[in-house]
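Working notes for the structure below.
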Amino acid sequence: MLQFIRNYAGSWIVKILFVLLILSFGIWGIGDMIRKGGVSSTVASVGKVDIDRVELDQEFRRQMERLRPMFGGNLTAEQARQFGLLDQSLSALVQRALYDQAARDLGIAVGPDVVRLRIGDEPAFRNPQGQFDPALFRTVLRNNQLTEDGYVAILRRELAREFVSGAVSSGVAPPKVLVEDLYRYRGEKRVAEMITLPNASVGDVGVPDDAELTRYYEDHQVRFTAPEYRALTIAQLSPDSLAKDIQIPDDQLRAAYDERASEFGTPERRSIEMVVVDDEAKAKAIAEAAKAKGLPTAAKDAGVDPITLDNIARNELPEIGDAAFALAQGAVGGPVKSGLGWHVLAVTAIQPGATKSFEDVRAQLLAEMQKEKALDSVYSIANRVEDQLASGASLDEVAQAQGMKVSKIAAVDSSGKAPDGKNAAPDQPDLPNMLKAAFQLASGATSTLTEGANNSFFAVRVDGVTPAKVKPLAEVRDQVVAGWQEDKRAQAAAAKAEEIVGKLKQGSEAAAQDVATQAGGSFAMTAPFTRDAKSVEGLPAEMVGKLFAAKPGEVVTGTSSDAQVVARLKEVIPVDPKASDANLASVESTVAQGMESDIMSQFGNALRKEYPVDIHHARIDQFFATGNQ
């Protein structure tokens, strides 16, 4: 092809074709890039504010990290999208943008005093004594990769949003009549007489003849159908399988030990008393007085509360750590200047540090570095696997070439069961995801490489399909007979239950206990139950609703898995919201929350009209497609 182009590149025909090709790019392809400056990264516009792909990705990742512990640490981006986490993240960003613009247009500004008070009230920044701890404040921000200025900026915006929402929702008070009616509805209790008639109480129902047995078998073939089974080959790629074969030279281990020496020991820790004031002269006076009578007394005399920092390391004291760890035990030092003011320090206790030797931590270092290198390798290998599979190479060839672990499952249904009813692959934690992929493939087809738990990948091939089929009658004859008998007993017991209903409806003088004894059932009087009860002493949940729709003396029926249940409403126990022991607080709170939610929803809709929201779904699908994560 290249030689052909060289031979004819000088002809006018080829030149005209190239001109047309260039023009077509200008009109359909490159022209878009020139006119639009490339594909926009804006995923949504809220009024005059654009939400960028990076913002959405960061919010999405934060939400994933928040939920990951609920899934045992195993939550992939694709699973999170299926759970709707991406949509929730976008909604949160849209709502923030709406409130930010509303706050701006309303002229809401958050001053430094308000920010300072909010920071001081934050429990995460307080020491065990309940006091604001500057060192803890900085540590928390550092652990969350935030600067002080960045956190203050975030807090200002959040406070402004709170002021906007608070102005809308404040003063929401549910009507007293509504609260009392809901209290009556929720608190009402009922008592019923209950007769349970086991299906087995009807005794022997015989056995069906061949014609009846065949008819029952044909009418209930779903019960006697073996599911579809598939034979699978699974190729897996995981950091753990790669790590054990990775060699780490001793010089690299020692270099890592030297670089991370501080991690392999216990750092020196100190207990420190500290006073922070705004004025340097005042700090000097306190420091001088503390040398004679101790820092707590000197601080008290100066009208300042001392702060106690117990068992703290040098790196946990930004700006003042070096000064604090330069003091001898019992010594007073300062004043030292930081962003919070002037510090006077006193060391009350010193716990010396200790360091583990290289040999003590060699095995730990080796395992960590092997895993680290395996993580680096697994993604590059995964890319090669994807390319080879896409080029048409067989799964066995790719697995052998890339060192993937291969396993086979002889037969498995869509729920993970083998034909004997046991788990087909108990050593495969990702089996549900593998089966989801496998049962969408034709026989002989191979799935794409899919990310699984713990940075692992898998591909699955369907080696064979055994279609679902009805088991022969001869094979399941005993099961068919048992099913027929079970149904016959249930029908007979239901007929007896109707007789019980007739007797109970004769009048209140009919003794339910005697009726139950005569029918071969059991009698019980339920404890008082509310309408939200799921089950009461064997009373099926469906019957709870029926009894709350009934009047005293009325009879209702229901079924459990192996019995018929007949119940007669005995008593209705109302509640009085005006009684001295009535607790309306929880009901009032629930109603208030519901009203507030409705109001805020309406306010959100109004903001969307004021600041139109335009969501670019196609871009989001493109940016956050599985292959791009």
Discussion item. Salt bridge or not between Asp621 and Arg81? Use side-chain N to carboxylate O under 4.0 Å.
Written reply: yes
Discussion item. Testing the basics here: between Ala493 and Leu197, what is the closest heavy-atom pair and its distance to 0.1 Å?
Written reply: O-CD2, 3.5 Å
Worksheet item: In terms of heavy-atom contacts, does CZ of Arg156 have more than 12 from other residues, nucleotides or ligands at under 6.0 Å?
Response: yes
Discussion item. Are the side chains of Leu569 and Glu554 in contact, using a 4.5 Å heavy-atom criterion?
Written reply: no
Worksheet entry | Atom of Phe60, atom of Ser89 and distance for their closest heavy-atom approach | CA-OG, 3.4 Å
Discussion item. Give me the atom names and distance for the closest heavy-atom approach of Val575 to Gly187.
Written reply: CG1-O, 3.3 Å
Worksheet item: Say you draw a straight line from CD of Glu316 to CD1 of Ile312; how long is it, rounded to the nearest 0.5 Å?
Response: 5.0 Å
Worksheet item: So Glu180 and Lys578, side chain to side chain contact (heavy atoms under 4.5 Å, CB included) or not? Walk me through it.
Response: CA-CA 8 Å; Glu180 291 180 350; Lys578 293 181 169 48; 3.2 Å; yes
Worksheet item: side chain to side chain donor-acceptor pair (under 3.5 Å) between Asp149 and Thr147: does it pass, once the steps are laid out?
Response: CA-CA 5 Å; Asp149 290 342; Thr147 64; 5.7 Å; no
Worksheet item: Under 3.5 Å, side chain of Tyr216 to main-chain N/O of Gly483, donor-acceptor pair present?
Response: yes
Discussion item. Check this for me, if you would: do Glu571 and Lys189 make a salt bridge, where the nitrogen-to-carboxylate-oxygen distance has to be below 4.0 angstrom?
Written reply: no
Fill in: Heavy-atom pair with the smallest gap, counting every atom of Leu90 and Ala44
CD1-CB, 4.1 Å
Worksheet item: Could you state the interatomic distance from NZ (Lys496) to CD (Gln518), rounded to the nearest 0.5 Å?
Response: 10.5 Å
Worksheet item: Would Arg619 and Asp50 count as a salt bridge (charged side-chain N to carboxylate O under 4.0 Å, His left out) if you check the C-alpha gap in whole Å, the side-chain angles of each, and the deciding distance to 0.1 Å?
Response: CA-CA 14 Å; Arg619 290 178 191 168; Asp50 289 338; over 6 Å; no
Worksheet item: How about Thr557 and Ile500: do any of their side-chain heavy atoms sit closer than 4.5 Å?
Response: no
Worksheet item: Would a 4.5 Å heavy-atom cut-off, applied to side chains only, mark Leu435 and Ser414 as touching?
Response: no
Worksheet item: Is there a donor-acceptor pair closer than 3.5 Å between any side-chain N or O of Arg126 and the backbone N or O of Gly120?
Response: yes
Practice prompt. Evaluate the side-chain proximity of Asn423 to Leu431: yes if any heavy-atom separation is below 4.5 Å, no if none is.
Written response: yes
Fill in: From CA spacing to verdict: side chain to side chain contact (heavy atoms under 4.5 Å, CB included), Leu85, Gln88
CA-CA 5 Å; Leu85 212 59; Gln88 292 177 27; 3.8 Å; yes
Worksheet entry | Close aromatic pair by centroid cut-off 6.0 Å: Phe125 and Tyr151 | yes
Worksheet item: Rounded to the nearest 0.5 Å, how far apart are CD of Gln131 and OG1 of Thr308?
Response: 7.0 Å
Discussion item. Between Arg118 and Asp121 (salt bridge meaning N to carboxylate O under 4.0 Å), is one present in this structure?
Written reply: no
Item to complete: Give the C-alpha distance, both sets of side-chain angles, the deciding distance and a yes or no for side chain to side chain contact (heavy atoms under 4.5 Å, CB included) between His616 and Val43.
Response: CA-CA 5 Å; His616 306 296; Val43 295; 5.5 Å; no
Item to complete: Assess whether side chain to side chain contact (heavy atoms under 4.5 Å, CB included) is satisfied between Met595 and Asp598, documenting all intermediate values.
Response: CA-CA 5 Å; Met595 292 176 63; Asp598 290 343; 5.6 Å; no
Discussion item. Within the 4.5 Å heavy-atom criterion, are Asn199 and Glu486 side-chain neighbours or not?
Written reply: no
Worksheet item: Does Arg186 reach the main-chain N or O of Val587 with its side chain, forming a donor-acceptor pair under 3.5 Å?
Response: no
Worksheet item: Is the side chain of Glu78 donor-acceptor paired with the backbone N or O of Thr450 at a distance under 3.5 Å, no angle test?
Response: no
Worksheet item: Quick one: CG on Leu584 to OG on Ser589, what's the gap to the nearest 0.5 Å?
Response: 12.0 Å
Practice prompt. Could you tell me whether Arg104 and Asp100 make a salt bridge, using a distance below 4.0 angstrom between a side-chain N and a carboxylate O?
Written response: no
Worksheet item: Does the side chain of Leu56 come within less than 4.5 Å of Phe623's, by heavy atoms?
Response: no
Item to complete: Apply ring pair (Phe, Tyr, Trp, His ring centres under 6.0 Å) to the pair Tyr99 and Phe603, showing each step before the final yes or no.
Response: CA-CA 10 Å; Tyr99 277 71; Phe603 179 62; 5.8 Å; yes
Worksheet item: Can any side-chain N or O of Gln564 pair as donor or acceptor with the backbone N or O of Pro198 at less than 3.5 Å?
Response: no
Worksheet item: Which heavy atom in Pro208 sits nearest to a heavy atom in Val481, and how many Å separate them?
Response: CD-CG1, 4.3 Å
Practice prompt. Mark yes or no for whether Lys471, through its side chain, and Ala226, through its backbone, hold a donor-acceptor pair below 3.5 Å.
Written response: no
Practice prompt. Could you please spell out the steps behind the salt bridge (charged side-chain N to carboxylate O under 4.0 Å, His left out) verdict for Glu158 and Arg161?
Written response: CA-CA 5 Å; Glu158 188 61 37; Arg161 295 179 197 129; 2.9 Å; yes
Discussion item. Please check this pair: side chain of Arg531 against backbone of Phe548, looking for a donor-acceptor N/O pair closer than 3.5 Å.
Written reply: no
Item to complete: Indicate yes or no for a side-chain donor-acceptor contact from Ser45 to the backbone of Asp614 under 3.5 Å, with no hydrogens or angles considered.
Response: no
Worksheet item: So, are Arg215 and Glu218 salt-bridged, with charged N and O less than 4.0 Å apart?
Response: no
Discussion item. I'd like to know if the side chain of Thr590 reaches the main chain of Ser586, judged simply by a donor and an acceptor atom lying under 3.5 Å from each other, with no hydrogens or angles considered.
Written reply: yes
Practice prompt. Taking the side chain as every heavy atom from C-beta outward, state whether Val94 and Arg608 have any atom pair closer than 4.5 Å.
Written response: yes
Worksheet item: About how many Å separate OG1 of Thr42 and CD1 of Ile620, when rounded to the nearest 0.5 Å?
Response: 11.0 Å
Fill in: Electrostatic pair Arg62-Glu59, nearest N-O below 4.0 angstrom
yes
Worksheet item: Taking the side chain from Ser601 and the backbone from Ser597, do they hold a donor-acceptor pair closer than 3.5 Å?
Response: no
Practice prompt. Give the minimum heavy-atom separation between Gln101 and Gly47, together with the two atoms involved.
Written response: OE1-CA, 3.8 Å
Response to the item:
Between the CZ atom in Phe137 and the CZ atom in Phe132, the distance rounded to the nearest 0.5 Å is 5.5 Å
Worksheet item: Hey, does Asp562 have a side-chain heavy atom less than 4.5 Å from the side chain of Ser560?
Response: yes
